[in-house]
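Read the structure below first, then the notes.
Because only heavy atoms are used, hydrogens play no part in the values below, and waters and symmetry mates are left out as well, while side chains stay in. Numbers here simply count residues along the sequence, with the first being 1.
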Amino acid sequence: MSVTHQTAPTQFVEAQGVRYAYRRLGAGGEVPLVMLQHFTGNLDNWDPALVDALAAHREVILVDYPGVSSSTGAHATTVAELARQIITFTIALDLKRIDLLGFSLGGFAAQDIALVRPDLVRRLVLAGTGPKGAPGMHGWRGDIEKHARAENPSGEDLLYIFFAHTETSRAKGAEFLGRLFQRTEDRDVPSSIESRDAQYDAVLEWGIPDHSALQRLTGIKSPTLIIQGDNDLMIPTKGSHLMAGLIPDARIRIYPDAAHASLFQYPTEVAKDVNEFLG
């Protein structure tokens with residue numbers, strides 16, 4: 001593969017007054033995999049090992065949300081708005097059919113996209129995420145929020161919220177951090193405090209307790225793979241089991257000794273599972 005996560009150029013496309021920053025890499029097949037990022041994440045917050053393993057089998061498209069990092073435009077303050085923004089991005093790139101992977105906040109948006117544009121999403125991957133209105137979804141516990149909303153986030157903050165508080169998981173987290181900063185040219189700019197606060201508004205709105213909102217999941221038509229660590233400290237693992245029970249065609253994969261970012265702790269294994277699921 002000549003273009004990798006480390007070398008894929010940042011490109012831009014304009015739609016409805018927004019200049020979306022994105023990267024494309026990989027080849028093969030007619031259905032690209034669009035990947036939606038976590039809270040405050042940008043193009044460079046994906047694990048290169050994961051992205052390259054996925055791009056070895058298909059085209060992969062990474063994107064910054066409007067108002068985040070290198071994308072212009074207004075920040076979304078609700079998940080519904082964020083989902084609409086990403087739909088606009090797919091239209092701007094003339095993507096008629098996609099596979100969709102959403103991590104954390106990206107998984108919230110991916111659920112909404114699959115519901116309001118069922119013909120767009122062929123297959124859906126939900127990683128480290130949870131359902132709207134479910135128990136335990138209304139914000140994060142105090143220590144997690146402190147690290148997630150740090151004004152100058154550090155590697156230690158990522159280790160704390162993304163990985164299990166065990167020596168083995170943190171060791172894998174340290175390996176992830178080493179991969180994360182390998183790209184030295186054309187790096188994405190950090191996300192702003194304003195985008196962080198807008199995204200947290202969206203997280204809180206999504207998590208307002210609402211048992212009836214769980215029924216929305218029964219409307220997802222796309223075959224779905226749910227990926228989660230066995231003890232997610234940020235978005236409770238029990239929410240993934242709820243989604244697996246309510247989405248009609250869903251399967252779930254739980255990774256051991258892992259927390260929120262199981263896909264970064266086990267990039268090789270997750271890529272294998274996702275590639276097999278996407279076929």
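- Under the 3.5 Å distance criterion, the side-chain polar atoms of T129 are left unmatched by any main-chain donor or acceptor of L126.
- In this structure, D197 and Y200 have side chains that are not in contact, with every pair of non-hydrogen atoms separated by 4.5 Å or more.
- Between K172 and E167 there is no salt bridge, since no side-chain N of the basic residue sits under 4.0 Å from a carboxylate O of the acidic one.
- By the neighbour-count criterion of 12 heavy atoms within 6.0 Å, atom NZ of K132 is densely surrounded, having more than that number from other residues, nucleotides or ligands.
- Environment of CD in Q16: sparse, with no more than 12 heavy atoms of neighbouring residues, nucleotides or ligands closer than 6.0 Å.
- Of the possible polar contacts, one joining the Q37 side chain to the N42 backbone as a donor-acceptor pair under 3.5 Å is found.
- Two different hydrophobic clusters hold L93 and V31 under the rule that ILVMFWY side chains link at heavy-atom gaps under 4.5 Å.
- Y255 carries R253 over the face of its six-membered ring, with the cationic atom under 6.0 Å from the centre and within 45° of the normal.
- To the nearest 0.5 Å, atom CE of residue M234 and atom NE2 of residue H147 are 11.0 Å apart.
- Every residue two or more places apart in sequence or in another chain that forms a salt bridge (charged side-chain N to carboxylate O under 4.0 Å, His left out) with E145 is listed here: R149.
- For H165, the ring pair (Phe, Tyr, Trp, His ring centres under 6.0 Å) partners are Y160, not counting sequence neighbours.
- Linking ILVMFWY residues whenever their side-chain heavy atoms come closer than 4.5 Å, directly or via other members, places V125 and L246 in the same cluster.
- Comment: R141 engages D143 in a salt bridge, judged by a side-chain N to carboxylate O separation of less than 4.0 angstrom.
- Closest heavy-atom contact between L204 and G139: CD2-CA, 3.6 Å.
- With values rounded to the nearest 0.5 angstrom, S71 atom OG is found 8.0 Å from Y20 atom OH.
- Side-chain contact between D44 and L180 is absent, with no heavy atoms from C-beta onward closer than 4.5 Å.
- With sequence neighbours excluded, the residues satisfying side chain to side chain contact (heavy atoms under 4.5 Å, CB included) with D230 are I254, P256.
- With hydrogens and angles ignored, the 3.5 Å screen pairs a side-chain donor or acceptor of Q199 with a backbone N or O of T40.
- V116 is connected to L95 through a chain of hydrophobic side-chain contacts under 4.5 Å among Ile, Leu, Val, Met, Phe, Trp and Tyr, so both are in one cluster.
- For F103, the ring pair (Phe, Tyr, Trp, His ring centres under 6.0 Å) criterion is met by H38, F162, H260, F264, not counting sequence neighbours.
- For the pair Q111 (side chain) and G107 (backbone), a donor-acceptor distance under 3.5 Å is present.
- Remark: W206 pairs with F108 by the ring pair (Phe, Tyr, Trp, His ring centres under 6.0 Å) rule, at least two apart or across chains.
- Closest approach of I220 and A114 over heavy atoms only: CG2-CB, 4.3 Å.
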Please determine whether side-chain contact (heavy atoms from CB on, under 4.5 Å) holds for the pair D201 and T78, giving the CA-CA distance in whole Å, both sets of side-chain angles, and the decisive distance to 0.1 Å. CA-CA 7 Å; D201 285 345; T78 67; over 6 Å; no
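- Looking at Y22 and L62, their side chains never come closer than 4.5 Å, going by heavy atoms from C-beta outward.
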Check against side chain to side chain donor-acceptor pair (under 3.5 Å), D188 and S70: CA-CA 6 Å; D188 206 358; S70 297; 2.4 Å; yes
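- With hydrogens and angles ignored, the 3.5 Å screen pairs no side-chain donor or acceptor of S222 with any backbone N or O of L124.
- With contacts defined as side-chain heavy-atom distances shorter than 4.5 Å, the pair P48/T4 does not qualify.
- No path of Ile, Leu, Val, Met, Phe, Trp and Tyr side chains, each step under 4.5 Å between heavy atoms, connects L82 with I193, placing them in separate hydrophobic clusters.
- Listed for the S191 side chain is no donor-acceptor partner under 3.5 Å among the backbone atoms of G41.
- Residues satisfying the side chain to side chain contact (heavy atoms under 4.5 Å, CB included) criterion with S240, sequence neighbours excluded, are I226, Q228, M243, I252.
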Tell me, with the steps shown, if R97 and L120 meet side-chain contact (heavy atoms from CB on, under 4.5 Å). CA-CA 5 Å; R97 190 81 161 151; L120 174 65; 5.8 Å; no
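- Cation-pi check for R19 over F12 is met; the charged atom lies under 6.0 angstrom from the ring centroid and within 45 degrees of its normal.
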Start with the C-alpha distance between V203 and W140, add both sets of side-chain angles, then the distance that settles side-chain contact (heavy atoms from CB on, under 4.5 Å), and finish with yes or no. CA-CA 9 Å; V203 168; W140 304 315; 3.8 Å; yes
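- Side chain of D47 to main chain of R179: no donor-acceptor pair is present (N/O by atom type, distance under 3.5 Å, no hydrogens or angles).
- Remark: the backbone N or O of T224 is not paired with any side-chain donor or acceptor of D249 at under 3.5 angstrom.
- Remark: R123 is positioned above the aromatic ring of F277, its terminal NZ or CZ atom under 6.0 angstrom from the ring centre and at most 45 degrees off the axis.
- When all heavy atoms of L242 and A134 are compared, the pair lying nearest together is CD1-CB, 4.1 Å.
- R84 is listed as a side-chain neighbour of R117, based on a closest heavy-atom distance under 4.5 Å.
- When Q182, E185, R183 are each tested for a side-chain hydrogen bond (donor to acceptor under 3.5 Å, both in side chains) with Q6, only one passes: Q182.
- Across all their heavy atoms, A8 and R24 have their closest contact at CB-O, 4.0 Å.
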Given F89 and I61, is the side-chain contact (heavy atoms from CB on, under 4.5 Å) satisfied, shown in steps? CA-CA 11 Å; F89 168 73; I61 301 175; 3.9 Å; yes
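- Hydrophobic clustering of Ile, Leu, Val, Met, Phe, Trp and Tyr side chains at less than 4.5 Å, counting indirect connections, unites V34 with I91.
- A donor-acceptor distance shorter than 3.5 angstrom exists from the side chain of S69 to the backbone of V189, with no hydrogens or angles considered.
- G128 and I235 make their closest contact through O-CD1, 3.4 Å (heavy atoms, listed as atom of the first residue, atom of the second, distance).
- A donor-acceptor contact shorter than 3.5 Å is absent between the side chain of Q265 and the backbone of A261.
- Listed here is the closest heavy atom pair of T237 and G229: OG1-O, 2.9 Å.
- Side-chain contact between L105 and V79 is present, with heavy atoms from C-beta onward closer than 4.5 Å.
- Looking only at side-chain heavy atoms (C-beta outward), L36 and L101 stay at 4.5 Å or farther from each other.
- Ion pairing between a basic and an acidic side chain is recognised when a charged N comes within 4.0 Å of a carboxylate O; R216 and D112 show such pairing.
- Side-chain contact of T166 with S169: a donor-acceptor pair under 3.5 Å is absent, judged by distance alone.
- Side-chain contact between L159 and E156: present, with at least one pair of heavy atoms (C-beta onward) separated by less than 4.5 Å.
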